[in-house]
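Report on the following structure.
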Amino acid sequence: MKHDKQVTLAITGASGAPYALTLLQSLVNADYQVYVLISSAAKVVFATEENVKIPGRPEDAAAFFTEHCGAKPDQIKVFGKEEWFSPVASGSAAPAKMVVCPCSTGTLSAISIGASDNLIERAADVVLKERGQLILVPREMPLSSIHLENMLKLSQMGATIMPAAPGFYHNPKTIDDLVDFVVARILDHLGIEQSLVARWGYQSSKHSED
C-alpha cells in the first residue's frame, strides 16, 4: 500500500471509544492502511463504553478490528506499546499522518515534553520531528491551565488540536450523528473525502431526506 495511504491511529484512555471506532471504520472505507496503537486504559474505556473487550495480543486485536471493520487482510495492523521495531517508531518508515483519538490529557502531556515512554508517545514524537501531520482529539472538561498550556505548546509545534466537541448545525438526531460530526472534521483535516456530515453551507447527503 502506498505510503501516502497510511495513517497511524492511537487510541488512549480518555472517554470517546465511539469516535475511535467510527474513525477507524472511515479510514478502512477510504482504503487506508491503519497502524493502530491502543493503550491499556483505552481497552478499559472500550469495555465500559462499548461493551467490547479488545484482545491483549496485538495480533488478536488486529484480527478483531479487521473483522469489526470488514477490512482487507493486513489493512489494519496493531502494535504493542513496546514494539520499538515497528514502522511508527522511526521517521524513515512511519506514516506522515497520525491521529490520537481520543487523546487523554496524560498522553497530551507526555507528547508535549517528548517523553516517548511508550510507542504511542514515540510515534507522535516521530511525526512532530519529521514535520508530519499530528491531530490530537482531547476529551476532557473542564480544562486546567496545565492542559491548556500543553495544547498551546503542541499547537505551536505544528500539531492540530481538535477537541471532541460536536456541533449541532447539522441537526443531529442520534448519538451517532454527534460522533459523525467530530470524525468528519478529522477526516476533512486529513484530506480524506467523507460523506458523514456536509461542510457548512452544503446539504448533507446523509440527512437530505430528513
Side-chain angles (χ1 to χ4, degrees), residues 5 7-39 41-54 61-62 64-72 75-76 78 97-105 107-108 133-143 147-148 151 155 159-210:
K5 292 279 286 187
V7 172
T8 301
L9 171 60
I11 307 170
T12 66
S15 178
Y19 295 119
L21 283 176
T22 302
L23 177 57
L24 178 59
Q25 184 69 66
S26 297
L27 292 170
V28 167
N29 292 347
D31 200 31
Y32 273 69
Q33 182 174 48
V34 189
Y35 292 151
V36 175
L37 316 176
I38 182 166
S39 71
K43 293 177 182 178
V44 175
V45 173
F46 265 76
T48 302
E49 296 183 350
E50 293 290 311
N51 196 28
V52 168
K53 184 176 181 180
I54 306 298
F64 168 82
F65 285 125
T66 296
E67 180 178 0
H68 180 85
C69 296
K72 300 173 184 176
Q75 187 177 3
I76 298 174
V78 178
K97 300 175 183 290
M98 178 175 178
V99 183
V100 185
C101 176
C103 181
S104 68
T105 54
T107 298
L108 187 83
Q133 183 180 19
L134 177 63
I135 297 176
L136 306 175
V137 187
R139 210 308 308 164
E140 184 65 84
M141 63 177 299
L143 296 169
H147 304 150
L148 294 169
M151 289 181 195
S155 179
T160 300
I161 311 298
M162 297 187 68
F168 291 85
Y169 58 78
H170 63 307
N171 298 314
K173 305 294 192 302
T174 67
I175 291 176
D176 286 344
D177 290 339
L178 297 175
V179 171
D180 286 350
F181 181 94
V182 173
V183 173
R185 295 294 290 131
I186 296 170
L187 294 171
D188 285 343
H189 275 261
L190 288 171
I192 299 174
E193 288 295 323
Q194 59 82 21
S195 58
L196 295 173
V197 177
R199 294 180 179 87
W200 178 260
Y202 292 84
Q203 186 178 22
S204 170
S205 59
K206 184 172 181 178
H207 299 287
S208 59
E209 297 181 359
D210 289 356

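Bear in mind the structure is a predicted one, so any value in this text is a computation, not a measurement.
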Interatomic distance, H170 atom NE2 to D177 atom CG [nearest 0.5 angstrom]: 5.5 Å
Nearest heavy atoms of F168 and L178, plus distance in Å: CE2-CD2, 3.7 Å
Distance-minimising heavy-atom pair for A14 and V45: O-CG1, 3.7 Å
Candidate pair V137 and R139, rule side-chain contact (heavy atoms from CB on, under 4.5 Å), full reasoning: CA-CA 7 Å; V137 187; R139 210 308 308 164; over 6 Å; no
For the student: nearest non-hydrogen atoms of L136 and A159, plus distance: CD1-CB, 4.5 Å
Check against side-chain contact (heavy atoms from CB on, under 4.5 Å), H68 and L24: CA-CA 10 Å; H68 180 85; L24 178 59; over 6 Å; no
Closest non-hydrogen atom pair, E49 against G16: OE1-N, 3.0 Å
Spacing of OG belonging to S39 relative to CD1 belonging to I11, to within rounding of 0.5 Å: 8.5 Å
Atom pair SG (C103) and CD1 (I161), whose distance is rounded to the nearest 0.5 Å: 7.5 Å
Distance, nearest 0.5 Å, that separates CE of M162 from NE2 of H189: 4.5 Å
The single option from L196, L27, T22, L23 passing side chain to side chain contact (heavy atoms under 4.5 Å, CB included) against I186: L23
Test item: Q75 side-chain N/O and Y32 main-chain N/O as donor-acceptor pair under 3.5 Å: yes
Distance (rounded to the nearest 0.5 Å) between K43 NZ and I38 CD1: 6.0 Å
Chi angles and distances behind the side-chain contact (heavy atoms from CB on, under 4.5 Å) call for V28, F65: CA-CA 10 Å; V28 167; F65 285 125; over 6 Å; no
Considering all heavy atoms, the nearest T12-S104 contact: OG1-N, 2.8 Å
Validation row: K72, D31 side chains within 4.5 angstrom (heavy atoms): yes
Between CE on residue M151 and OG1 on residue T105, distance to nearest 0.5 Å: 8.0 Å
Taking every non-hydrogen atom, the tightest pair across I54 and F64: CD1-CE2, 3.5 Å
side-chain contact (heavy atoms from CB on, under 4.5 Å) between R185 and V197, worked out: CA-CA 8 Å; R185 295 294 290 131; V197 177; over 6 Å; no
Donor-acceptor pair, side chain of K5 and main chain of A30, under 3.5 angstrom: yes
Plane angle bin for F181 and Y169 - parallel if under 30°, tilted between 30 and 60°, otherwise perpendicular: perpendicular
